[in-house]
Amino acid sequence: MTPRASRCCIHAVLIALAVPTLLPFVFALNNSVRSTAEMYHGYFGMPQALREMAYCGWHALTGAEGTVRIVTDTKQMLTLSYAGACGWHARAITKNYVQAWTLLRPFVLNTVWVVIWVALGVLLSGSVAAFVLARFSFPGKRVVFFYFISTMMFPGVLTLVPSFLLVKQLGLLNSYSALIFPMIAGGQVFAIFVCKSFFDGLPQDLFDSAKIDGAGFFNLYWHLVLPLSQPVLAVVLIMNVLGTWNSFLWPFIVNTDTKYHVIASGLYVLSVSESASNMGVLFAAYMLASVPLLLLFAFATKPFMQGMTSGAFKA
Amino acid sequence: MSEVILTNVQKVYDNKVIAVNDFNLHIQDKEFVVLVGPSGCGKSTTLRMVAGLEEISSGEIRIGERLVNDVPPKDRDIAMVFQNYALYPHMTVYKNMAFGLKLRKYPKKEIDQRVREAARILGLDELLERKPKQLSGGQRQRVAVGRAIVRKPKVFLFDEPLSNLDAKMRVQMRTEIAKLHNQLQATMIYVTHDQVEAMTMGDRIVVMKDGLIQQVADPLTLYDKPANKFVAGFIGSPPMNFMEGMLVDEHGALFFQGGSVKLKVHEQHCARLRDVCGKPVSFGLRPEDIRDPHIAREAASDTHVRANVVVVEPMGSETFLYLLAEPHSFIAKVQGHDVFEVGDTLRLEFAMDKAHSFAHKNAKAII
């Protein structure tokens with residue numbers, strides 16, 4: 001088999017594997033611009049508004065004379081030029097998204113607030129703890145490290161009830177703190193594990209040299225560890241943002257007040273509320289909720305890969 | 001005054017390994033002292049103890065008038081240059097050199113002045129805005145030296161700073177460090193495993209083995225009067241030849257005899273060697289003290305050895321001959337343009353007035 005043919009085969013296999021992965025996404029994207037009435041006819045098919053917009057747009061571009069009649073949701077009859085009709089259908093396409101954003105905005109803001117604090121907390125506590133474990137000697141160091149790591153062996157569901165009871169006893173239910181502090185506590189274990197492995201690989205001479213230059217604990221951390229650890233910190237950040245953004249069960253349990261819902265729990269609340277009658281809006285909300293994650297992957301893949309392979313190759 | 005005084009210093013690791021044992025050394029102000037020895041002899045550990053990067057298990061270290069046993073590295077007024085340069089990869093050359101001063105809160109103007117002065121001395125003016133990865137090995141090492149000199153410390157510590165450089169660059173940097181010492185007039189402690197570096201750079205050399213000082217002396221004394229067999233073998237390239245044998249008395253004259261080799265001991269050594277007559281000794285002679293066969297033709301026969309050429313290494317100005325006189329193997333350094341073939345049998349003269357003898361029991365020098 002020639003290299004070209006072999007590449008084609010590999011790509012064919014990869015595409016075949018990618019299609020089932022992308023299908024739910026395409027399905028949600030397609031339905032997010034369809035009306036509920038269209039969905040009653042079936043969940044598959046090209047959105048009518050898109051079809052109409054393409055038809056009117058084409059006639060407007062070719063300079064065709066004539067008008068189009070449109071029946072609105074409120075049963076009003078509009079007579080518009082091709083260009084006007086094209087614009088009207090374009091607005092109809094985005095209508096679901098505008099409505100979805102209105103419903104979703106408080107949840108997005110809550111999530112962003114929680115994500116920022118959790119990410120900061122995890123990066124700070126994880127990297128400082130990892131630095132101490134990697135670069136300082138003290139009795140019981142190994143025990144402390146293995147204690148941290150052992151907590152990764154317990155699935156989150158197993159600790160759900162005790163964690164809930166603890167948060168309840170602390171009087172943190174229905175607050176941002178109920179999300180931020182437990183998520184920092186949970187997220188930092190992975191951060192410690194990844195950062196410690198990275199810090200272990202940094203040359204000891206660098207630290208010795210900085211100590212002779214006059215650096216104490218803070219300066220070593222701030223001027224040496226943080227700048228040199230950007231790839232691994234990017235990994236921790238990305239993994240943490242992903243985890244926090246997608247978290248559903250814990251926010252849903254500890255915050256019953258809609259005011260504190262985050263994206264995932266908010267979407268669930270929307271799906272069982274009266275807004276669910278407009279399925280197009282619901283699908284648009286799903287799409288909006290996934291946009292930040294798509295952007296994160298698009299722009300953070302390089303540092304992520306660098307971080308994941310750091311230490312695997314000699315610098 | 002920036003003397004460094006180590007008194008009964010010992011370093012024992014947790015696993016009971018003794019890295020440095022009973023180390024006593026008084027380094028004078030402005031002196032250039034080289035610690036030399038094979039890997040694992042404790043030279044780097046000693047340097048790191050002076051730097052404060054390793055705790056000492058017992059003993060005292062003084063820098064100047066001050067006992068520094070419990071003083072952290074940053075307060076010892078020292079600077080250290082590491083084998084792998086240890087430059088901060090994310091900082092420019094300028095920032096690397098300024099880092100120590102910045103942490104010590106020097107005014108910006110003074111930092112700039114000192115960095116530019118150091119850069120001028122080391123020829124780094126054009127490289128100040130570059131990152132370490134954009135520099136060659138020699139340039140990186142110069143930055144590492146520059147980082148040390150901007151601080152104007154009492155004592156400079158060098159931990160095998162030239163080991164990562166190629167042979168040509170090593171010779172060049174060796175000269176630059178020696179020049180720097182003359183220029184700065186600072187106390188310097190230099191660790192190396194390369195005896196050529198030690199001989200060419202040090203005012204005094206400390207030869208170490210297994211955590212113990214073997215000998216402290218200036219380069220020529222070390223070469224001419226080694227304290228023991230280890231020092232004799234370690235200093236000099238090619239190393240000193242050793243032959244195991246016995247001293248015998250024949251009609252009042254002393255002879256070294258070992259296998260097929262029998263050599264008359266020089267008169268000036270007889271008095272000291274007579275005590276070990278009849279006992280096993282190690283006889284030592286440097287390769288350059290085994291004379292060319294042309295000269296040997298006219299020499300007395302009781303200082304001659306017949307040997308077979310095993311390997312010939314022409315070096316240009318001289319030739320190293322690897323020889324075998326059963327059961328002894330030895331090296332002779334002869335004139336560069338003489339032609340020798342493997343398998344030749346040569347008659348060589350041993351310069352017995354330059355010979356060394358070491359006690360078989362403790363390897364200490366007798367002569």
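Quick note on labels: first sequence line is chain A, next is B, and so on, each numbered from 1.
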Exercise. Taking atom OH of A:Tyr221 as the centre, does the number of heavy atoms from other residues, nucleotides or ligands within less than 6.0 Å exceed 12?
Worked result: yes
Exercise. Around atom NZ of B:Lys179, are there more than 12 heavy atoms of other residues, nucleotides or ligands at under 6.0 Å?
Worked result: no
For this session: May I ask you to check whether over 12 heavy atoms, not counting those of A:Tyr147, lie within 6.0 Å of atom OH?
Result: no
Exercise. Taking atom CZ of A:Phe136 as the centre, does the number of heavy atoms from other residues, nucleotides or ligands within less than 6.0 Å exceed 12?
Worked result: yes
Problem set entry | Contact origin within B:Arg48 toward chain A - heavy atom pairs under 4.5 Å | side chain
Exercise. For chain A, which residues of residues 88-123 of chain B have at least one non-hydrogen atom nearer than 4.5 Å to it?
Worked result: B:Tyr88, B:Pro89, B:His90, B:Met91, B:Phe99, B:Gly100, B:Lys102, B:Leu103, B:Arg104
Exercise. Quick one: what part of B:Leu157 sits under 4.5 Å from any heavy atom of chain A, side chain, backbone, both or neither?
Worked result: neither
Exercise. NZ/B:Lys74 to CD1/A:Ile212 distance, rounded to the nearest 0.5 angstrom?
Worked result: 13.0 Å
Problem set entry | From CG (A:Asp205) to CG (B:Asp159), nearest 0.5 Å | 7.5 Å
Problem set entry | Closest non-hydrogen atom pair between B:Ala86 and A:Ser209, with its separation | O-OG, 3.7 Å
Exercise. Is atom CD of B:Gln185 surrounded by more than 12 heavy atoms (other residues, nucleotides or ligands) closer than 6.0 Å?
Worked result: yes
Seminar exercise, completed: chain B shares the most heavy-atom pairs under 4.5 Å, among A:Ala215, A:Pro227, A:Gly214, with A:Gly214
Exercise. Is the count of non-hydrogen atoms from other residues, nucleotides or ligands lying under 6.0 Å from A:Phe193 atom CZ greater than 12?
Worked result: no
Exercise. Considering only heavy atoms, which portion of B:Ala79 lies under 4.5 Å from any heavy atom of chain A: side chain, backbone, both, or neither?
Worked result: backbone
